[in-house]
Amino acid sequence: MADHRAPVREHADGAADVTAADGADGRRSWRRFDIQWIRRNGVYVALAALIMVNIVITPNFVNVATLRLQLIQVVPVLIVALGMAVVIATKGIDLSVGAVMALAAAVIPLYIGYGAALAILVALLAGALSGAVAGSLVARIGVQPIVATLGLMVAGRGLANLLGGEIKSIRDPGMRALGTGSVLGVPYVVLVAIVVTVLVWFLVARTTLGRQIVAIGGNARASVLAGLPVGRVLLTAYVVCALLAAVAGVLLTARSQASDPTRLGLLMELSAITAVVIGGTPLTGGQIRVAGTVAGALLLQLITATMIAHDIPDSVAQMAQAVIVVGAVYLQLGRRGRR
Amino acid sequence: MTEETTVADDDVSGPGTLRPPGAAPLVQVRGATKSFGGVQALRGVDLTLLPGEIHALVGENGAGKSTLIKVLTGVYAPDGGEFRYGGEPVRFARPADAQRAGISTIYQEVNLVPLLSVARNIYLGREPRTRWGTVDVGAMNRRAAQLVGDLGIDVDVTGELGRLGLGAQQMVALARAVSVESRVVIMDEPTSSLEPAEVETLFGVARNLRRSGTALVFVSHRLDELWQLCDRVTVLRDGHHVHTGPMAELDRVTLVSHMLGKDASEVGAQGVTEFAGKHRHGDAPVLDASGIAVRSRLSDVALQVRPGEVVGLGGLLGSGRSETVKAIYGDLPVESGRVSVAGRNLRAGSVRHALKAGVALLSEDRKAEGIIPDLSVRDNIALAVLPRMARGGIVVESRIDALVETFMTRLKIKAADTGQKVRELSGGNQQKVLIARWLCTEPTVFLLDEPTRGIDVGAKQEVQALIDELAGHGLAVVLISSEMEELVEGADRVVVLHAGRVEAELSGSELSHSRLLTALAGESADPADDGQPAGDDGQPTDGAGQPADGSGPSAGTGQPTAAVRTAAKEEEDGRG
């Protein structure tokens, strides 16, 4: 307060002036720097820290079998979160991902008689179709994303139950191989997740569609006036998201060798949104962080695993997750509020 | 128009008649100041409201009307100035304080509860109670019915508010203001979305309120309404207080000149802009729009622009300038009209089709309709041409780099590097980024909506020079500007809109400040051919008692049509 020579305002709306630091202003800009840095890199720091902690406190943590299991378990959340990030970048949200996973799982037993490949194909198509419905509601009719996908979340789960019903075990060599096989020690499911990650990164970084998705999330009105095919881009974003959810549903079904439409993917929308948000992608749209989303999913998985390894009840793990989400969103809002 | 004026004249409570002479002012504001960040919104504004008067508050965009109202009603805390209410110094910390003191505000969008009944809305928060503490619905409805009846409003007070038309809803808001016994009622553009009949009812209610001693503030950009309704007027411009006086002593042209800061005698301040002057242009219009009608905004607007020509589009706030270019660009649903570019008809309502045909629109609202704040300068520039920058849906970065590099240099865009987020740039550089975005599309018609508003002087001159340069390359330019200098010096021809119609078309020697001012005020058209399409308005406009602009014999004698006129001028240019 004492230092009136330096104009405070310059820092309040100045650009990336984070190095100029003296007196009271110095502390201000240091704090700004801090929050931005945390927002951008916090998820990696937290992940690294948690790994360190586990190396120290968790027996048998540094162990190929443990790490392999962690990777296998993170696959569904990771894949769904990547699709979710694409939708969130358009300033939307998709609550129907869990239901789409169940729908994909429900379809598999119906077609497994024709071979695993066809069954999987139909399951993915069912997912894409659901995404097309959500996308059409949002893009063509103008329903709010949260409302449109909430409807699909309920309807999709209902349809999945109708088609699949009770839990059914699946005895198919193809599905078994997909779920449990590996190449050079890397499980197929992990390979699929890696491929999906690369594809989403490519979509975001290298394609016209990726640029348009971010532009529409950043300013939909300006995008319309710039002649972007806004409806088509939104539709595609929801199809991509639902398709990835269906992939996750197929992988989980293959792993457990059973189709369980009633329980598969329950609360998956929450985990996926959490991973996206703590990965640094703002819910306000216009930005997407693929690497951050991967780290966010890994962090969530590791928190759960740590709790389990130390016999901390599931309910506590869920509460921890809640605290992390609120904290991550607060960091984003905190920065926004000061602008 | 004429009929409405008659109504006002007949009214017993016509301008000034009921105000007791020397009544003590109800509200006195002296030297109010308020700034937001670096922007000074109010720079010492005075306002005095007398009981039983309707006081017009006018000014163009950014004049400070809204800020003044918000300072008055406790929404913003003023930085300085003296505020007296009923003679006592006051400072309202919150809107609720102002309301409690008896100041009600009625906004363009009604802020009541649409699902509750009319009566509930009128008495919201002050419902009459039974002795059990429950709402006495019977008493409430009776009182509400009495109230609206007294005000001459015809609504069922038990019906849902949301089912009423917007006009009726505003009337209910007024009734609420009456029921809380407001001493001051501020109406912020209440008529902008009302039908003529609704406007009449609203005015009736306002006059009833005036009769009971309430002070009313009326903000409207429909100038006609001011003379129909208001007793006195205060004009603001750029946060300054410009004029206060009786409405009846002011004619339209003087009022408009106060609003724009120019008067007819000030003509001759040439060379204020960077515009070099007139342009050579082709014969056949590349843009040909005619008969454009947009519901309650535009009727029968026509506009032709030749390659290499800069056509100015003038008009006051609400005259339909932005709507015209948006309708041409396919961004507004039109009721009728035809737009063709280079002889090909555009599909109505399709921005993508207009873009493909070579039309580009630089929108007035840079922030809401222009920049994508979190994207880089580079991505913002390339936004509209992304598909062309890609092969098989995959972006070819080198193509974008080449394009962006070209425009960064050509338009002298100042950014740390092309990857800098566009939100971090200054307003002028953001504007240049947007101009670059549109130039990437290689347009043949460029619609510029206030291209120099809100940018610093240097950038402004650069943009003006650029417009000249673009026209020199054969681009057909439509230039919307609130600055008369820009229109007079930058355009070859100016089409002036008034209340959604083409009021005048000025070119050659007619294109002077005084002519423009008269046209902006809506006084140039001969009443007899009101509603005639553009081109037929070349009547001498000196009839309204305004000073002639000394434009010489050509404008005074036989009236050549716009096309002939321009052709003649062109010949002149060609020789010279």
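Note on naming: letters A, B, ... go to the chains in the order of the sequence lines (proteins, then strands), and numbering restarts at 1 for each one.
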Looking only at heavy atoms and a cut-off of under 4.5 Å, which of A:Gln212, A:Arg211, A:Arg206 has the most pairs with chain B? A:Arg211
[atom1] of [X] to [atom2] of [Y]: how many Å apart, nearest 0.5 Å?
{"X": "B:Lys421", "Y": "A:Gln287", "atom1": "NZ", "atom2": "CD", "answer": "4.5 Å"}
{"X": "A:Leu225", "Y": "B:Asp365", "atom1": "CG", "atom2": "CG", "answer": "10.0 Å"}
{"X": "B:Ile394", "Y": "A:Leu203", "atom1": "CD1", "atom2": "CG", "answer": "10.5 Å"}
{"X": "B:Ile372", "Y": "A:Leu228", "atom1": "CD1", "atom2": "CG", "answer": "7.0 Å"}

Check: B:Gly393 main-chain N/O paired with A:Thr208 side-chain donor or acceptor under 3.5 Å: yes
Main-chain N/O of B:Pro373 paired with A:Asn219 side-chain donor or acceptor, under 3.5 Å: no
Identify the heavy atoms of [X] and [Y] that sit nearest to each other, and give their distance.
{"X": "B:Asp374", "Y": "A:Gly286", "result": "CB-O, 4.3 Å"}
{"X": "B:Gly370", "Y": "A:Ala222", "result": "O-CB, 3.1 Å"}
{"X": "A:Gly227", "Y": "B:Leu355", "result": "CA-CD1, 3.4 Å"}

Heavy-atom distances under 4.5 Å only: say whether [X] touches chain A with side chain, backbone, both or neither.
{"X": "B:Leu425", "result": "neither"}
{"X": "B:Lys326", "result": "side chain"}
{"X": "B:Ile400", "result": "side chain"}

Looking at B:Leu361, B:Asp379, B:Val385, which has the largest count of heavy-atom pairs under 4.5 Å with chain A? B:Asp379
Heavy-atom neighbours of [X] [atom1] exceed 12 at 6.0 Å:
{"X": "A:Ile146", "atom1": "CD1", "answer": "no"}
{"X": "B:Glu397", "atom1": "CD", "answer": "yes"}
{"X": "A:Lys91", "atom1": "NZ", "answer": "no"}

Inter- and intrachain pairs under salt bridge (charged side-chain N to carboxylate O under 4.0 Å, His left out), touching residues 214-235 of chain A, at least two apart: A:Arg221-B:Asp331, A:Arg221-B:Glu369
Okay, A:Ala220 and chain B: the region with an atom under 4.5 Å from a heavy atom over there is neither
